[in-house]
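Have a look at the structure below before the remarks.
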Amino acid sequence: MEKFSLEAIARAQLTAARDAASGRSASTVIGGHERVLRQTVMALTAGSTHGEHGIGGEATVQVWSGRIRLVAGADSWEGRDGDLIVVPAAAHTVEALEDSAFLLTVAMV
């Protein structure tokens with residue numbers, strides 16, 4: 001059994017994002033590309049984006065802190081502290097409206 005403090009990881013990733021030229025940072029805490037389940041703590045500084053991409057599975061984003069916008073085509077969803085967004089299967093982007101940290105959970109199908 002393993003135990004993680006997602007709150008501590010989110011704080012560390014947000015610090016790393018603030019130090020990165022890209023304004024982004026991420027750390028996979030469970031799984032990986034070779035597993036069905038993958039959970040990654042991601043952080044984006046205000047104004048930065050995680051460019052258009054697809055997932056290839058079912059996914060959710062749980063916002064730990066800040067405010068983000070997920071955009072897929074003409075649709076968009078905003079999330080803030082405590083919100084859970086179901087990620088569409090379509091290509092999408094994530095934009096940080098404020099310095100933000102979130103947990104991306106993906107189940108590959």
Compile the donor-acceptor pairs under 3.5 Å between side chains in residues 100-109 and protein atoms, sequence neighbours left out, one pair per line.
residue: Ser100; atom: OG; partner: Arg67; partner atom: N; Å: 2.9
residue: Ser100; atom: OG; partner: Arg67; partner atom: O; Å: 3.0
residue: Ser100; atom: OG; partner: Glu98; partner atom: O; Å: 2.6
residue: Thr105; atom: OG1; partner: Gln39; partner atom: NE2; Å: 3.0

Quick check: closest heavy atoms across Thr28 and Ile30, and the distance to 0.1 Å? CG2-O, 3.4 Å
For Met42 and Leu44: C-alpha separation, side-chain torsions, deciding distance, then whether side-chain contact (heavy atoms from CB on, under 4.5 Å) applies. CA-CA 7 Å; Met42 301 182 76; Leu44 299 171; 5.9 Å; no
Contacts of Arg80 meeting side chain to side chain donor-acceptor pair (under 3.5 Å) (sequence neighbours excluded), chain-then-number -> none
Ignoring hydrogens, what is the shortest heavy-atom contact between Pro88 and Ala72? Give both atom names and the distance. CG-CB, 3.7 Å
Tell me if a side-chain donor or acceptor on Gln13 pairs with a main-chain N or O of Ala26 at a distance below 3.5 Å. yes
Determine whether a donor-acceptor pair (N or O, by modelled atom type, separation under 3.5 Å) exists between the side chain of Asp99 and the backbone of Thr45. no
How about Glu78: does its CD atom have over 12 heavy atoms from other parts shown lying under 6.0 Å from it? yes
Shortest non-hydrogen contact from Val41 to Ala10? CG1-CA, 3.6 Å
Not counting sequence neighbours, which residues clear salt bridge (Lys or Arg N to Asp or Glu O under 4.0 Å) with Arg35? List them please. none
Pair Asp83, Trp77 - check side-chain contact (heavy atoms from CB on, under 4.5 Å), show working. CA-CA 11 Å; Asp83 285 349; Trp77 303 264; over 6 Å; no
Could you check Thr15 against Arg11 for side-chain contact (heavy atoms from CB on, under 4.5 Å), going step by step and ending with a plain yes or no? CA-CA 6 Å; Thr15 297; Arg11 278 193 312 268; 5.6 Å; no
Might you work through the side-chain contact (heavy atoms from CB on, under 4.5 Å) test for Val61 and Ile68, ending with a clear yes or no? CA-CA 10 Å; Val61 169; Ile68 64 169; 3.7 Å; yes
Report yes or no: does Ser25 contribute a side-chain atom to a donor-acceptor pair with the main-chain N or O of Ala16 at less than 3.5 Å? no
Cluster overlap Trp64 with Leu84, hydrophobic side-chain contacts below 4.5 Å: no
